[in-house]
Amino acid sequence: MGSTSAQNPEINGSARVGRRDLIKRSAALGLISVPTMSFLSACASGGGSDNGDKAKEGEKTAKNPLGVNDTAQMEFVLFDGGFGKEYAEDAVKIYEKNFPEVKVKFSATQKIQSTLQPRFNQGNPPDLIDNSGAEQMDMGVLASKNQLTDLTPLLDAPSYDDPDKKVRDTLRPGIVEMGQLDGDPVWIMYYAYTVYGVWYSQKALDSLDEQYPETWDQMLAVCEKAKKKGMAGWTYAGKYPYYLPFSLYPMIGKVGGVEVLDAIDNLEPNAWKHPAVKACFDAYYELYKKGYVLKGTPGLDHIQSQTAWAQGKALFIPNGSWVENESANVIPKDFDLAVSAPTGIDSSDKLPFGTIWASGGEPFIVPAKAKNPVGGMEQLRIMLSEASSKNFTSKVKSLTAYNGGTDGITLTPGLKSGVAALDKAGENVVNPRMQDWYVQLQKEKIGVSGLGEMMAGRLTPAEAIKKIQAFADETAKDSSIKHYKHQ
């Protein structure tokens with residue numbers, strides 16, 4: 001996947017009104033892109049030798065405002081996921097053109113944690129990391145162990161295109177705040193912009209003579225109609241069931257209000273026992289009970305489930321907007337890819353239909369012990385230029401954190417649908433922080449041990465809720481874990 005992330009993510013320090021306000025301003029811009037997945041536990045013990053061989057600072061000039069050492073090697077490790085690596089390789093070429101004596105050491109891997117955790121522990125990490133994918137390192141742990149570089153110098157540097165504008169002034173609303181975990185330092189630069197929701201083929205839905213369902217009764221009726229035509233209503237990444245929250249979390253927010261999601265993020269006692277959570281768990285469990293989930297789904301990974309869905313074996317799949325690029329080789333040309341905000345329960349829901357989850361994705365970090373952290377930040381400054389942003393959007397069918405960069409680009413069906421979904425959402429865009437505040441809790445416990453077991457029929461909704469609440473309570477009481485709260 002893209003960032004399953006993961007990559008995702010929005011503001012820690014922003015109040016509910018601020019969060020909605022910033023998205024309202026964003027919605028007019030059009031948006032889309034990734035997520036994410038994660039683990040990491042011991043990654044940042046802070047051990048290892050201190051880097052005595054950090055690159056010396058170069059001369060700061062108008063063309064080199066960060067003071068990059070123009071002879072020091074820079075190492076860049078990218079997550080090799082749904083967005084591919086070409087966009088990053090293109091940005092690396094610009095870095096090397098600007099600093100001709102430098103050869104960037106560039107690599108891409110899906111095994112971010114297992115590849116890089118030993119290097120963090122040894123005090124020899126790369127200069128720039130796209131910390132995404134199933135092995136994403138826990139950013140909360142990294143920051144709390146002083147393993148990350150504060151990116152404020154990058155944000156306050158002149159932008160790549162206009163020296164009169166700071167980099168921070170060229171970004172979509174909310175991106176800077178999303179990179180903050182606790183206070184002013186900005187530890188993460190979310191490069192992509194992701195729309196999460198329920199993805200489907202408009203052609204398939206039209207073949208059923210149906211519109212996207214707004215209430216759960218309508219959802220069940222559509223799934224029944226699909227079943228009679230030999231198509232499952234739903235599939236999902238059964239091996240990675242933390243994909244389910246991409247549609248389930250905003251549904252909970254729609255049914256019970258944003259305050260329910262905030263309480264869950266804040267690890268408040270009994271947050272998971274809210275009636276809205278129960279209603280939504282019961283609804284999803286009904287998909288399993290009525291046989292509307294594609295047979296064998298619990299054994300499928302994200303690629304296999306997306307392939308089955310693209311082949312018309314299932315109508316709906318919860319995912320992030322990276323799916324358009326990640327599944328490009330299996331999605332038929334006439335598929336007419338579309339995304340919708342999650343279906344609600346009924347008219348008693350707190351928020352209107354259209355409430356969706358959208359936020360920054362694809363989290364880039366510069367390690368504190370990197371040999372050339374200034375080089376890592378300069379690479380990000382290049383990537384946040386209009387040209388690099390356009391290149392990314394053209395090649396991977398997603399938007400970036402850069403506020404613009406779509407002029408002259410023909411929007412693909414998924415991208416166009418995501419823009420329309422955000423426009424429909426208006427102020428009603430939610431951004432659960434669980435997946436970037438508490439990675440292990442979100443992925444392994446809530447996802448695999450809770451939702452995964454429920455959707456495979458091995459737990460009832462009540463049992464799943466009880467189990468997940470216990471996991472959340474355990475995390476809240478664990479003093480070794482850094483805790484965050486919506487302000």
Side-chain angles (χ1 to χ4, degrees), residues 51 53-79 87-99 101-107 116 119-120 124-132 137 139 142-143 146-163 165-172 175-181 184-192 360 362-389 392 400-403:
N51 264 343
D53 51 353
K54 273 194 186 274
K56 291 181 181 176
E57 191 173 322
E59 183 186 353
K60 291 186 179 181
T61 64
K63 287 191 173 181
N64 184 14
L66 288 170
V68 177
N69 183 322
D70 60 8
T71 61
Q73 185 187 64
M74 194 274 286
E75 184 180 2
F76 179 1
V77 178
L78 185 83
F79 169 64
Y87 78 93
E89 290 171 330
D90 291 343
V92 163
K93 288 173 187 172
I94 297 172
Y95 187 102
E96 292 178 335
K97 182 181 176 184
N98 293 348
F99 305 103
E101 294 183 52
V102 175
K103 177 64 181 171
V104 174
K105 185 180 180 183
F106 175 83
S107 61
L116 298 181
R119 294 186 58 185
F120 271 88
N124 183 34
D127 303 305
L128 180 62
I129 301 168
D130 173 15
N131 183 31
S132 189
M137 295 178 286
M139 258 104 44
L142 289 171
N146 301 315
Q147 294 284 329
L148 300 181
T149 297
D150 181 3
L151 300 179
T152 299
L154 163 66
L155 295 167
D156 288 338
S159 69
Y160 195 79
D161 300 305
D162 184 354
K165 267 188 183 177
K166 292 180 180 180
V167 169
R168 67 170 68 244
D169 297 329
T170 69
L171 304 177
R172 296 188 187 280
I175 290 294
V176 171
E177 292 88 345
M178 287 176 60
Q180 296 171 323
L181 293 173
D184 292 332
V186 179
W187 305 116
I188 309 154
M189 174 52 66
Y190 288 94
Y191 185 66
E362 222 60 28
F364 282 76
I365 55 174
V366 175
K369 291 189 177 181
K371 291 181 181 177
N372 189 5
V374 176
M377 285 193 275
E378 177 64 15
Q379 183 68 79
L380 280 173
R381 194 174 78 95
I382 290 168
M383 291 168 65
L384 291 167
S385 68
E386 182 174 12
S388 288
S389 179
F392 179 88
T400 72
Y402 175 79
N403 195 349

Return the minimal non-hydrogen interatomic distance between Y191 and S388, and the atom names on each side.
OH-O, 3.8 Å
K371 side chain vs D127 backbone, donor-acceptor pair below 3.5 Å
no
Are Y402 and F392 close enough that their ring centres sit under 6.0 Å apart?
no
Using the side chain to side chain contact (heavy atoms under 4.5 Å, CB included) criterion, which residues pair with K166? Sequence neighbours excluded.
D156, R168, D169
With sequence neighbours excluded, what pairs up with E386 under the side chain to side chain donor-acceptor pair (under 3.5 Å) test?
none
Are the side chains of N131 and F364 in contact, using a 4.5 Å heavy-atom criterion?
no
Working for side-chain hydrogen bond (donor to acceptor under 3.5 Å, both in side chains), residues S132 and D130:
CA-CA 6 Å; S132 189; D130 173 15; 4.6 Å; no
Counting C-beta onward and ignoring hydrogens, is there a side-chain heavy-atom pair between M383 and Y160 closer than 4.5 Å?
no
Are side-chain heavy atoms of F99 and E378 found at a separation under 4.5 Å?
yes
Can you confirm whether L171 sits close enough to L155 that some side-chain heavy atom of one is under 4.5 Å from a side-chain heavy atom of the other?
yes
Please report the shortest heavy-atom distance between A157 and R381, naming the atom on each side.
CB-CD, 4.4 Å
For the residue pair F120 and L142, establish whether any side-chain heavy-atom pair is separated by less than 4.5 Å.
yes
Does a side-chain heavy-atom distance below 4.5 Å link F76 with Y95?
no
Are I94 and D90 close enough that some pair of their side-chain heavy atoms sits under 4.5 Å apart?
no
